[in-house]
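Shown next, in structure tokens, is the structure this report addresses.
Numbered from 1 within each chain, the chains take letters A, B, ... in sequence-line order. Computed from a predicted model, the values in this text were never measured in an experiment.
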Amino acid sequence: MMENRNLMRPKTSRGTLGPVQWFFQVISGVFLVFFVGVHLYLAHINFGHPIAFYDSVLNNMHNPWWLAFYIAFDWIVTYHALNGVKGMIYDMGINPPTRRVVAYGLIALYIVSIIYGTALAIAVSHIAVPPP
Amino acid sequence: MASKAGVLEWFKFRGKGIGYFGYAFQRLSGVVIVFYLYLHYIVLSNLLRGPVTYNDIVGSITYGPYDIFVAFDVLLALVIFYHGANGIRLALNEMGIGLKHNKLFFYLFEVVSMALLVVFLYYAWRFIAVG
């Protein structure tokens, strides 16, 4: 017997975000498990030398691979966060004109956030590490 | 289709089962993480103000006088681990995996994530305790 899988699916924002944005929400979430895992390890464990204070952060960001990692992390986490906020607001049953305002507002916030985050990461990567 | 549910609707659990609990706390944890994300932007911006300012901030929220933030960090880690584990369950559901045993999957993923949280907190605490 064919099962209706849609009836079995848990409650999410799939319906309000639409299939494409929901798909990207899921995919970005899966990527974030990796990014957050690496970041938590690096910032809090890192073989007993977590990257927390000024010099260690600067040293880390001078490595172009870590710089790229954190810029990608910033873009993905901010997308996932603001797309999630959009789903929550949409689920409150707002009308279509308000939805458009919310959507454009969040797109603007996303663009400003990633430009700021990227500029901050690049600026930090260019600061010389102070001598010990 | 919109559910026309306000934020308070998230917390009406009666008769809705563990799936709804997972849904409501996925959202609540998401809101907490979004708040923290922007707080993190602000704290990291202090890197541009030099080593003294940045290290003072990190030191004060780790070793005092504002070390209450360590407790907030523990709660934040709890929220992140919960959100991630439940999110993986939802991603698997999208592929049709675990739909029949949703309840079991919820508990399984949360137990594993809480075990990983304990390991993470142990190692993170060791750094703070050593200094």
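- Of the atoms belonging to Phe81(B), it is side-chain heavy atoms, and not backbone ones, that fall under 4.5 Å from chain A.
- Residues Ile76(A) and Trp22(A) fall into different hydrophobic clusters, defined by Ile, Leu, Val, Met, Phe, Trp and Tyr side chains chained together at heavy-atom separations under 4.5 Å.
- In this structure the side chain of Tyr123(B) never reaches within 4.5 angstrom of the side chain of Pro50(A), judged on heavy atoms.
- Hydrophobic clustering of Ile, Leu, Val, Met, Phe, Trp and Tyr side chains at less than 4.5 Å, counting indirect connections, unites Leu32(A) with Ile71(A).
- Put simply, of Gly37(A), Gly117(A), Ala43(A), Ser113(A), the one with the most heavy-atom pairs under 4.5 Å next to chain B is Ser113(A).
- Pairing each heavy atom of Ala81(A) with each of Val34(B), the nearest pair is CB-CG2, 3.6 Å.
- Only the side chain of Leu58(A) comes within contact range of chain B, with heavy atoms under 4.5 Å apart.
- For the residue pair Tyr54(A)/Thr53(B), the side-chain donor-acceptor check at 3.5 Å is not satisfied.
- Taken to the nearest 0.5 Å, the CZ atom of Arg126(B) stands 9.5 Å off from the CD1 atom of Ile45(A).
- Leu40(A) touches chain B through backbone and side chain together, each having a heavy atom under 4.5 Å away.
- Nearest heavy-atom pair, Phe127(B) versus His44(A), reported as atom, atom and distance to 0.1 Å: CB-O, 4.4 Å.
- More than 12 heavy-atom neighbours from other residues, nucleotides or ligands sit within 6.0 angstrom of OH on Tyr41(A).
- Legend: residues meeting ring-ring contact (aromatic ring centres under 6.0 Å, His included) with Phe21(B), ordered by chain and number and at least two apart, are Phe13(B), Phe25(B).
- Between Gly84(B) and Val33(A), the shortest heavy-atom contact is O-CG2, 4.4 Å.
- The choice from Gly84(A), Ala123(A), Ala52(A), Gly29(A) that makes the most heavy-atom pairs within less than 4.5 Å of chain B is Ala52(A).
- Using cut-offs of 30° and 60° on the angle between ring planes, the pair Tyr63(B) and Phe53(A) is parallel.
- For Phe23(A), no part sits under 4.5 Å from any heavy atom of chain B, backbone or side chain.
- Of the two parts of Tyr41(B), the backbone and the side chain both hold a non-hydrogen atom closer than 4.5 Å to a non-hydrogen atom of chain A.
- In terms of heavy-atom pairs under 4.5 angstrom with chain A, the leader among Ala85(B), Ala77(B), Pro51(B), Gly59(B) is Pro51(B).
- Once rounded to the nearest 0.5 Å, the distance linking NE2 of His40(B) with NE2 of His39(A) reads 4.0 Å.
- A chain of hydrophobic side-chain contacts below 4.5 Å, direct or via other Ile, Leu, Val, Met, Phe, Trp or Tyr residues, connects Phe47(A) to Ile51(A).
- In Trp66(A), the CH2 atom is crowded: over 12 heavy atoms of neighbouring residues, nucleotides or ligands sit closer than 6.0 Å.
- Heavy atoms closer than 4.5 Å to chain A are found in both the backbone and the side chain of Leu47(B).
- Ranking Ile33(B), Val58(B), Thr62(B), Val31(B) against chain A, the residue ahead of the rest is Val58(B), based on heavy-atom pairs under 4.5 Å.
- Both Val32(B) and Val36(A) belong to a single network of hydrophobic side chains, linked directly or stepwise wherever heavy atoms of I, L, V, M, F, W or Y lie under 4.5 Å apart.
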Working for side-chain contact (heavy atoms from CB on, under 4.5 Å), residues Val26(A) and Leu90(B): CA-CA 8 Å; Val26(A) 172; Leu90(B) 294 173; over 6 Å; no
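- In terms of non-hydrogen atom pairs under 4.5 Å with chain A, the most contact-rich of Leu48(B), Leu116(B), Asp73(B), Val52(B) is Leu48(B).
- If you measure heavy-atom distances from His80(A) to chain B, the contacts under 4.5 Å come from the side chain alone.
- For Ile80(B), the part lying near chain A is the side chain, with the backbone staying farther off; criterion is any non-hydrogen pair under 4.5 Å.
- No side-chain donor from either of Tyr38(B) and Thr78(A) sits under 3.5 Å from a side-chain acceptor of the other.
- Residue Val119(B) is grouped with residue Leu117(B) when hydrophobic side chains (ILVMFWY) are merged at heavy-atom distances under 4.5 angstrom, including chains of intermediate members.
- Ranked by heavy-atom pairs under 4.5 Å with chain B, the list Asp55(A), Asp74(A), Val85(A) is led by Asp74(A).
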Evaluation steps, side-chain contact (heavy atoms from CB on, under 4.5 Å), between Leu44(B) and Val57(A): CA-CA 10 Å; Leu44(B) 290 175; Val57(A) 175; 5.5 Å; no
